[in-house]
Protein chains: 2
Amino acid sequence: MNQIITISREFGSGGREFGRRLSENLGFAYYDQEIVQEIAKRTELSERYVQQVMGHRPISSYPIHIGRSFRMMADPHLDQSQNIYREQCNILREMAAKSSCVIVGRCADYILQEEDPFRIFVYADMPSKVTRCREKNYEKEELTDRELERRINAVNRRRADYYEYCTGQKWGDRIHYDLCINTTQGTVKGIAAAVARLFLTQ
Amino acid sequence: MNQIITISREFGSGGREFGRRLSENLGFAYYDQEIVQEIAKRTELSERYVQQVMGHRPISSYPIHIGRSFRMMADPHLDQSQNIYREQCNILREMAAKSSCVIVGRCADYILQEEDPFRIFVYADMPSKVTRCREKNYEKEELTDRELERRINAVNRRRADYYEYCTGQKWGDRIHYDLCINTTQGTVKGIAAAVARLFLTQ
């Protein structure tokens, strides 16, 4: 049976890099942006639009995890959000069936629950999230630490919202994960190499 | 430098067994009840009394982590609680200085923070905590699942209270741990063996 590892992660925690390195260490397939690309292809929507829908909970909608309602069908935006979610489910299941893999985000821990995935949540303290964001993206924007913290919190709130909309579960609540990893200490490279050893037989 | 691993754990999660097995896998010293025994010896109080004090936050007390106050000195129970905490700190520091070790509970993650311990929190879902408690202790008492759940929650609330009293931090808040491990799936033996591999160099 394929081994499926899902990574949920706080923005700025290095969770994406962790997932990629973990997949390299284990020789597993790695899926992240590929999921958005594939949804865009199948729905004939732009990648940017798909990304945007997946990053936001539709306003005043009935939670997707409870199912469709006639009321939702009357709203084309909500219907599109449902279509994207349906494709997301199909694609994740196809990926999981193909080979052992590491999947970052996209509610894969919930959608693939019948495949018994190993569910990891990656987090860090705020100063290290700020430092990581500065190293990666925001240095040109000259944001203050306070502004950057607000942006980080806003992204994480949207992730939490979208996750709850899709799953009915609280994002980051430890009970929904097998392992929660703090990347504040050490390097993501080192942590990924160590965690890969969890999956090796002695 | 000695490697210090601290284990905080939900009652019923198998955290104590996990700590013991982890120490065996790594060839580290293991401290748990030994800490209570040593405090009892040094303070000339009974082990049972020490255990009781360490398991309960004193009523309407000034948090211990903020320090002594003259008001506290007037209350012999609080003063004894302070004495026990002081011995707890001394003993933990002596243990950490002696050799690499695994320490279960006793706010060791906080007290030994200057030794840069690797801080693990062990948890599980309620049904598996109930099952584990039945297997270990409570089968003769014929408690219903609901009663057993209430007992488990009560012990965990006391642990949270005592931890907060000593440290000013929220017990179980992931940010205070390097790794949070869910023992709901798999065996504690298997999980401990896997986690031990985290500490081996490749």
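Remember, it's a predicted structure, so these values are computed and weren't measured experimentally. In what follows, chains are A, B, ... by sequence order, proteins preceding strands, each numbered from 1.
Between Glu10(A) and Arg174(B) the shortest heavy-atom distance is OE2-NH2, 2.9 Å.
Side-chain contact between Asn182(B) and Leu179(A) is absent, with no heavy atoms from C-beta onward closer than 4.5 Å. Inter-residue side-chain proximity for Leu198(B) and Arg197(A) is flagged as unmet; no heavy-atom pair is nearer than 4.5 Å.
Proximity to chain B at a heavy-atom threshold of 4.5 Å picks out nothing from residues 2-9 of chain A. Residues of residues 118-130 of chain A lying within less than 4.5 angstrom of chain B, judged on heavy atoms, are Arg119(A), Phe121(A), Tyr123(A), Ala124(A), Asp125(A) in numerical order.
Around CD of Glu94(A), the count of heavy atoms belonging to other residues, nucleotides or ligands within 6.0 Å exceeds 12.
The line from CD1 of Ile181(A) to CG of Asp178(B) is 11.0 Å long, rounded to the nearest 0.5 Å.
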